[in-house]
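Order of the sequence lines fixes the chain letters, A, B, ..., with proteins taken first and strands second; residue numbering starts at 1 for each chain.
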Amino acid sequence: MGPEEFDRPLPRSFFDRSTPIVARALLGQRVARRVAGELRVGRIVETEAYVTGDPASHAYRGPTPRNRSMFGPPGTLYVYRIHQVHCANIVTRRGEAVLLRAVEPEQGIEGSTQGPGRLCRAFALTRAEDGSDVRTGAFRVLPGGTVRTVAVGPRVGISRARARRLRFAEAGNRWVSLPRPWPRSAD
DNA sequence: TCATTGATTTGCT
DNA sequence: GCAAATCAATGAT
């Protein structure tokens with residue numbers, strides 16, 4: 001992938017859809033960041049959706065200094081810190097977002113990209129990138145391919161709304177974080 | 001100002 | 001499988 005592809009990100013309309021749809025559609029797409037002239041690229045293999053009325057969502061109780069990015073336009077990056085690590089989300093519709101949980105390394109990646117904390121470390125994402133736009137900012141979402149089969153299951157690490165099946169992953173992909181996919185997939 | 005909690009990771013039992 | 005690390009955001013006092 002060359003530098004010119006970095007300047008052809010997915011359109012804003014891609015993110016202006018229902019969040020579970022976007023979470024699924026993001027599988028197979030790419031994320032990229034230019035660092036010191038070099039490109040770091042990964043293929044998205046695992047995501048989670050956080051929606052309106054969802055007690056597990058940071059936006060559940062309305063805007064706060066931490067989560068205000070979640071109320072920005074579609075394609076806004078929301079980065080927060082928890083337990084000494086950072087996690088990155090992409091805003092879909094107002095107050096909803098998709099958590100990036102894992103990517104498959106494609107170019108210029110050092111270290112693991114398995115799990116939201118490690119993914120952020122690999123792309124050097126911190127609160128400094130919070131609120132940026134994934135079409136024009138330092139960290140972008142670029143067109144990739146599609147995935148053959150999507151596995152669906154409960155989200156990881158939350159204490160509320162655990163029954164909801166809002167975790168999406170490419171079935172069988174080795175870069176998907178633990179706990180590993182559910183035996184069967186639902187397309 | 002104080003106490004609680006956590007969209008994680010790591011290491012040990 | 002489970003708990004500790006370790007700290008900022010949040011909500012209560």
* **Stepwise side chain to side chain donor-acceptor pair (under 3.5 Å) test for A:E96 and A:S57** => CA-CA 8 Å; A:E96 305 197 345; A:S57 170; over 6 Å; no
* **Pairing partner (Watson-Crick or G-U wobble, both distances under 3.5 angstrom) of B:dT1** => C:dA12
* Asked: Is any side-chain N of the basic residue among A:R81 and A:D130 closer than 4.0 Å to the acidic one's carboxylate O?
  -> no
* Separation of the P atoms in B:dC2 and C:dT6, to the nearest angstrom -> 22 Å
* Is the NZ or CZ atom of A:R17 positioned over A:F14's six-membered ring, under 6.0 angstrom from the centre and within 45° of the axis? -> yes
* **Watson-Crick or G-U counterpart of C:dT6, or none if no pair lies under 3.5 Å** => none
* To do: Scan nucleotides 1-13 of chain B nucleotide by nucleotide, 5' to 3', and note B when protein non-hydrogen atoms come under 4.0 Å of the base, S if they reach only the sugar-phosphate, - if neither.
  => -----BBBSS---
* **Crowding at CZ, A:R93 (>12 non-hydrogen neighbours, <6.0 Å)** => yes
* 5' precedence on DNA chain C between A:N67 and A:Q84 (nearest-nucleotide basis) -> A:Q84
* Asked: Can you list the residues that meet the ring-ring contact (aromatic ring centres under 6.0 Å, His included) rule with A:Y50, with sequence neighbours excluded?
  -> none
* Check whether any side-chain heavy atom of A:V156 sits under 4.5 Å from a side-chain heavy atom of A:R101, and report yes or no. => yes
* Should the pair A:R43-A:E170 be classified as a salt bridge under the 4.0 Å nitrogen-to-oxygen rule? -> yes
* Asked: Around A:R162, counting heavy atoms of other residues, nucleotides and ligands shown, do more than 12 lie under 6.0 Å from its CZ?
  -> no
* Asked: Between which nucleotides of DNA chain C, 5' to 3', does chain A make heavy-atom contacts below 4.0 Å?
  -> C:dA5 to C:dG11
